[in-house]
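Working notes for the structure below.
Just so it is clear, the model here is predicted, and its values are computed rather than measured. Below, chain A is the first sequence line, B the second, and so on; all start at residue 1.
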Amino acid sequence: MTDFERAVLRVLAGLAPGEVVTYGEVADQAGHPGAARAVGALLRRTTEDVPWWRVVGAGGLLRAPSARLQAELLRAEGVPVRDGRVTLGGSPPGNR
DNA sequence: CCCCTGACTAGAA
DNA sequence: TTTCTAGCCAGGG
């Protein structure tokens with residue numbers, strides 16, 4: 001178990017239902033800025049009981065291979081998903 | 001120790 | 001707008 005692993009696991013454990021974060025955010029909060037790739041690599045390796053579905057790509061894009069399942073889980077927590085993409089705190093001009 | 005792959009990100013074409 | 005390239009960290013052969 002490396003420091004990187006428990007750091008990431010701890011961040012994911014600190015997340016709440018409906019709380020969606022990007023790989024970069026997780027890596028940053030874990031104390032490993034720039035290790036976004038490592039986060040994804042770990043989530044695929046780890047068998048721990050972690051809410052991996054709350055982790056999305058930059059811009060809320062579902063980069064996970066099980067994007068379909070991830071979308072369902074996110075919706076179940078009240079997170080609106082649109083065409084494989086989660087509507088983050090996006091309030092662009094002339095939205096909707 | 002060296003090389004390749006990957007649930008990533010940001011920038012250029 | 002979409003597609004491609006370069007840089008990044010960690011793991012495996």
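Residue A:Phe4 comes nearest to A:Ala38 through the heavy atom pair CZ-CB, 3.4 Å, listed as atom of the first residue, atom of the second, then distance. Minimum heavy-atom separation, A:Val81 to A:Arg75: O-NH2, 3.4 Å. Nearest heavy-atom pair, A:Ala71 versus A:Leu62, reported as atom, atom and distance to 0.1 Å: CB-CD1, 3.9 Å.
Extent of DNA chain B lying under 4.0 Å from chain A heavy atoms, first and last nucleotide in 5' to 3' order, is B:dG6 to B:dA10.
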Assign a letter to each nucleotide of nucleotides 4-13 of chain C from its 5' end: B, base within under 4.0 Å of a protein heavy atom; S, sugar-phosphate only; -, no contact.
---BBBSSS-

Mind running side-chain contact (heavy atoms from CB on, under 4.5 Å) on A:Arg54 and A:Val79 for me, showing each step along the way?
CA-CA 10 Å; A:Arg54 290 177 193 158; A:Val79 180; over 6 Å; no

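More than 12 heavy atoms of other residues, nucleotides or ligands sit less than 6.0 Å from atom CZ of A:Arg6.
Here the rule is side chain to side chain contact (heavy atoms under 4.5 Å, CB included) with A:Leu12, and of A:Val26, A:Leu42, A:Val39, A:Thr46 only A:Val26 fits it.
Put simply, A:Leu61 and A:Trp53 are part of two different groups of oily side chains (I, L, V, M, F, W, Y) that touch within less than 4.5 Å, one to the next.
Within the 3.5 Å criterion, the main-chain N or O of A:Ala16 finds no donor-acceptor partner in the side chain of A:Glu77.
Expressed to the nearest 0.5 Å, how far NE2 of A:His32 lies from CD of A:Glu5 amounts to 10.5 Å. Taking CD from A:Gln29 and OG1 from A:Thr22, the interatomic distance works out to 8.5 Å, rounded to the nearest 0.5 Å.
For the segment residues 67-86 of chain A, the set of residues with a heavy atom within less than 4.0 Å of an atom of DNA chain B is empty.
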